[in-house]
Q: 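Mind having a look at this structure? Questions to follow.
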Amino acid sequence: MAFRNFKMIGYVIYGRGSFNQLDEILAPNRKDGKPMIFLVDHFFEGKPLVNRIPLRGNDKVIFADVTYEPKTTYVDKLANDLKEEFGTVSGMIGIGGGSTMDLAKAVSLMMNNPGSSADYQGWDLVKKPGVYKAGIPTLSGTGAEVSRTTVLTGPTKKLGMNSDFTPFDQIVLDPELTKDAPANQRFYTGMDCYIHCIESLEGTYLNEFSKSYGEKALQLCRDVYVNKDGWDEESDDKLMMASYAGGMSIAYSQVGVAHAVSYGLSYLLGTKHGIGNCIVMNHLEEYYPAGVKEFKYMVEKNNIDIPVGICKGLSDEDFEKMINVSMGMKPLWENALGKDWEKIMTREKLRALYDRL
Ligand code: NAD
Ligand code: ZN
């Protein structure tokens, strides 16, 4: 048996107000006159956070349009524009939710690798390190701050640039940055973490490493969504650590059924990751009975709307497309259902599941 030897992020700073140390953190990573590029979630345009960005010299702020989840065409455009304007840059700093962090990782890689980001969708296809990159989450849950992938929708697939060069060199975990997230969005992204934990802890790839992080992340999710009424600073602090630990848990295991099915939705319908996972999780009693029961309790307790009926009126061809994308996520199915997963999750069974969504 070969054990996974995985690359982790470089530096981590955690704490309320730690964003204020960004200038000193970046200083040693600035390269002779080349700018730091701050890729900032467009939600923050015109907000006070922008004035706290430590701009020096020819540094540049770019607002990331995350109306849609990251596409390879967008990554290529951002990287090509930067190459044209500056040749190279000192670093990419992603400030935002999972989408913005993934964009920053991908653009960093594309500054030093030829071709299109679509050429690198897969496992270990990236050959050269990117430029210095830092991730600063403003939503908690995806684990994108610690992961070795950057999920992109390309011309033919929705798949990450999964490589040892993908993890951030630095992350800044400042829970204060998540305080203005709307309750529904915060819940959908937070549930991404909860679902990572259930899929990891119930999966066949589980080992003690994944379990240690997964159990802690699950407990933190329960603290904020089950055991507490209302939302406060402590909730933001806890959910940020849940996201980190949940990401560490799947680093050494894998996600499962909710993610495999939700990828099909997002490929065909553009359904966003967090809400898509919630839509699917709502119907997975057969696979994760205890997790789904608790999930439903959290939805109700926190007064969240989970859309239903999103596959109504789709054609057979549409369903086929979703089934193909979903069935392509082999490691996820294998983790969820074991080596013989194809005998358990047939195309017919998956079709019936999509029909219910
Ligand atoms: P997101 O980044 O797509 O953002 C969702 C919305 O929240 C956007 O409208 C954004 O502008 C807004 N927003 C962000 N921060 C805010 C704040 N502090 N206050 C108010 N609004 C704010 O959402 P997400 O759920 O964090 O990320 C989902 C993305 O992450 C997907 O693209 C998914 O593929 C990716 N993802 C990546 C990994 C990975 O390992 N790389 C893992 C899971 C998900
Ligand atoms: Zn996820």
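Counting starts at 1 for both ligands and their atoms, following the listed order.
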Q: With a 6.0 Å cut-off on ring centres, are Tyr252 and Phe6 close enough?
A: yes
Q: Evaluate the ring planes of Tyr225 and Trp231, with Trp represented by its six-membered ring, and classify them as parallel (under 30°), tilted (30 to 60°) or perpendicular (over 60°).
A: tilted
Q: When you compare ligand 1 with Thr149, is there at least one nitrogen or oxygen pair between them that comes in under 3.5 angstrom?
A: yes
Q: Does the side chain of Asn324 come under 3.5 Å of the side chain of Arg347 through a donor N or O and an acceptor N or O?
A: yes
Q: Compute the ring centroids of Phe209 and Tyr213, then answer whether they are less than 6.0 Å apart.
A: yes
Q: Please confirm whether Ser99 comes within less than 3.5 Å of ligand 1 when only nitrogen or oxygen atoms on both sides are compared.
A: yes
Q: Would you check if the Zn ion (ligand 2) lies under 2.8 Å from any N, O or S atom of Cys193?
A: no
Q: Would you tell me whether Thr142 and Asp192 have side-chain atoms, one donor and one acceptor, within less than 3.5 Å of each other?
A: no
Q: Where the side chain of Glu69 meets the backbone of His273, is there a donor-acceptor pair that is under 3.5 Å apart?
A: yes
Q: Side chain or backbone, does Gly98 bring an N or O within less than 3.5 Å of an N or O on ligand 1?
A: yes
Q: Suppose I only count heavy atoms of Pro70 and a 4.0 Å limit; which atoms of ligand 1 are within that range?
A: 32 (O)
Q: Would you check the N or O atoms of Leu177, main chain and side chain alike, for any that come under 3.5 Å of an N or O of ligand 1?
A: yes
Q: Given Lys71, His259, His273, which has its nearest heavy atom closest to atom 33 (C) of ligand 1?
A: His273
Q: Residue-level breakdown please: for Asp41 versus ligand 1, do any non-hydrogen atoms fall below 4.0 Å on the side chain, on the backbone, on both, or on neither?
A: side chain
Q: Within a distance under 4.0 Å of any heavy atom of Asp102, pick out the atoms of ligand 1 and give their elements.
A: 35 (C), 36 (N), 37 (C), 39 (C), 41 (N)
Q: To make sure I understand the geometry: which N, O or S atom in Asp192 is closest to the Zn ion (ligand 2)?
A: OD1
Q: So, do Asp81 and Ile62 sit near enough that their side-chain heavy atoms are less than 4.5 Å apart?
A: no
Q: Would Arg30 and Asp59 pass as an ion pair if we require N to O under 4.0 Å?
A: yes
Q: For Thr138, is at least one N or O under 3.5 Å away from an N or O on ligand 1?
A: yes
Q: At the Zn ion (ligand 2), what's the angle from His273 NE2 to His196 NE2, rounded to 10 degrees?
A: 170°
Q: Of the choices Asp192, Leu139, Asn277, Asn162, which has the non-hydrogen atom that lies closest to atom 23 (O) of ligand 1?
A: Leu139
Q: Counting only N and O atoms by type, is there a donor-acceptor contact under 3.5 Å from the side chain of Lys105 to the main-chain atoms of Pro167?
A: no
Q: Considering the heavy atoms of Val66, write down every atom of ligand 1 situated less than 4.0 Å from one of them.
A: 8 (C), 10 (C), 11 (O)
Q: Tell me which protein heavy atom sits closest to atom 42 (C) of ligand 1, plus the residue, atom name and distance to 0.1 Å.
A: Thr142 O, 3.4 Å
Q: Just which atoms of ligand 1 are under 4.0 Å from any heavy atom in His42?
A: 11 (O)
Q: Pairs of nitrogen or oxygen atoms closer than 3.5 Å, one from Thr100 and one from ligand 1: do any exist?
A: no
